[in-house]
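Data first, discussion second: the structure below is written as structure tokens.
Computed from a predicted model, the values in this text were never measured in an experiment. Naming: A, B, ... by sequence-line order, numbering from 1 per chain.
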Amino acid sequence: MAVETEEVLLVRVQQENFSVDEEIDRVRSRSTRIGGLNIFLGTARDRSKGRDVSSMTFEHYEGMAQRKLREIRERALKDFDVIEVLILHRYGPIEIGENIVLIVVGAEHRADAFKACRWCIDELKKITPIWKSEHTPDGEVWVEEHP
Amino acid sequence: MAVETEEVLLVRVQQENFSVDEEIDRVRSRSTRIGGLNIFLGTARDRSKGRDVSSMTFEHYEGMAQRKLREIRERALKDFDVIEVLILHRYGPIEIGENIVLIVVGAEHRADAFKACRWCIDELKKITPIWKSEHTPDGEVWVEEHP
Amino acid sequence: MSTSSVATIKLFGMLKTLVPGGELSLDFPQGCKVRDFIEMLRPRWPEVAELVVQKKVLVSVNQEIAHWDTEISNTDEIALLPPFAGGSLGKV
Amino acid sequence: MSTSSVATIKLFGMLKTLVPGGELSLDFPQGCKVRDFIEMLRPRWPEVAELVVQKKVLVSVNQEIAHWDTEISNTDEIALLPPFAGGSLGKV
């Protein structure tokens, strides 16, 4: 696969579910120097701020969301001693227990992998235009993380 | 599956490779409260202390290794605000790029998942009787992490 | 004198529940600033304007967060962005 | 007087390359302490004894790390443990 095509696959916003094993392989196939991967997987939880949640829907700003995730990947590669970074976020309806977001960071040493992965998910929540509505017994509620 | 059997599967030392997706599912099936998983995956790297490495072999102290990993899981569950912890280490011959060790931590909140996962892998390296020999151009070298 | 033009403003998340049709069209003078644009929203969509003034909703121009002084024209892609909620967990 | 007995000591990692056969049998008095046991290794396996004295190799008794004063008997499971290298990465 051409390098450019492969790079595009390292940052995605998609409706379909994903396999963590496949995404890990995508990262580690980039270098045999990788000795440690830190991975963050966000999943749909059945409770939120004291409310029962039966399912949720994610909406994203097509174009800007991808652009912000690419920015995050590039800054992580520049600011941390890591070899590869993959960022993936789903949109559309998501059931309880399902995957929402995945960050995979491959590095030579584990401390760098942990730090970069943590930074990526924190930054993702801050700057990526993605919104969530939760389906609760009281109806649909748009979640405001920063009121 | 009985609870006891399932608990046994959460700490393993095994020769066979493993699927990260399957192990993640094992953890998240324990509670719908899990909203974030932090995962550490250690893989076989082709360089070690300036030497080229063509493959490696892990040896463990059967019984004591499992006992130490169980200790780590139990302390993580007690000391951190996390819901479930899985620890898996392979032994025997391992090729470059293959999986060696997996830690999966499921929590309600991501900060706890990151902290506990980092603690588990650090502690694993300190107290678990597992040894590694690397196959290099100079022959087989037993790795001493703490000289 | 600047010419005026109609632009469609993209809305997301809970903003779509505030604006019937889920989209917002506004006639504004070329080269006006974001601060002026917000005031032009106020007559028809006072609730939306208030959220922007309170910084609960951000304005983006061409997919970058805009400031009060950012100038806009009808060829720009303008959007109103409620608080983000990507990732999965609310609290750290 | 304490009775003496032969115990097999488990060896791991690079220790197996130091001891022909990869296993070590030792005749030691019941209830002797780890510190005495180490000295009993010295005549036949001076290199191994030295590594333990330098704390490069740990002694475990019944799968727990032992101290110099831990008492051992021939029913105990005794092992000599070189520096661990689990996980994957050498450095933090």
Heavy-atom proximity to chain D below 4.5 Å, by part of B:Leu102: neither
Residues B:Arg118, B:Glu123: salt bridge by 4.0 Å N-O rule: no
Polar side-chain atom of B:Arg12 near backbone of B:Leu9 as donor-acceptor pair, under 3.5 Å: yes
B:Trp131 and D:Phe12 aromatic ring geometry - parallel, tilted or perpendicular at 30°/60° bounds: parallel
Sidechain N-carboxylate O distance under 4.0 Å for B:Arg30, B:Glu7: yes
Stepwise side-chain hydrogen bond (donor to acceptor under 3.5 Å, both in side chains) check, B:Gln66 with B:Tyr61: CA-CA 8 Å; B:Gln66 286 85 345; B:Tyr61 182 169; over 6 Å; no
Side chain, backbone, both or neither of B:Thr128 within contact of chain D (heavy atoms, under 4.5 Å): backbone
Structural part of B:Glu71 lying under 4.5 Å from a heavy atom of chain D: side chain
Selection from B:Glu140, B:Glu59, B:His60 maximising heavy-atom pairs under 4.5 Å formed with chain D: B:Glu59
Contacts of type side chain to side chain donor-acceptor pair (under 3.5 Å), residue D:His67, not counting sequence neighbours: none
D:Glu47 atom CD, neighbour heavy-atom count above 12 within 6.0 Å: no
Which atoms of D:Lys16 approach chain B - backbone, side chain, both or neither, heavy atom under 4.5 Å: side chain
Contact listing (chain B partner; residues 32-46 of chain D; heavy atom under 4.5 Å): none
Parallel, tilted or perpendicular: ring planes of B:Phe80 versus B:Trp119, cut at 30 and 60 degrees: tilted
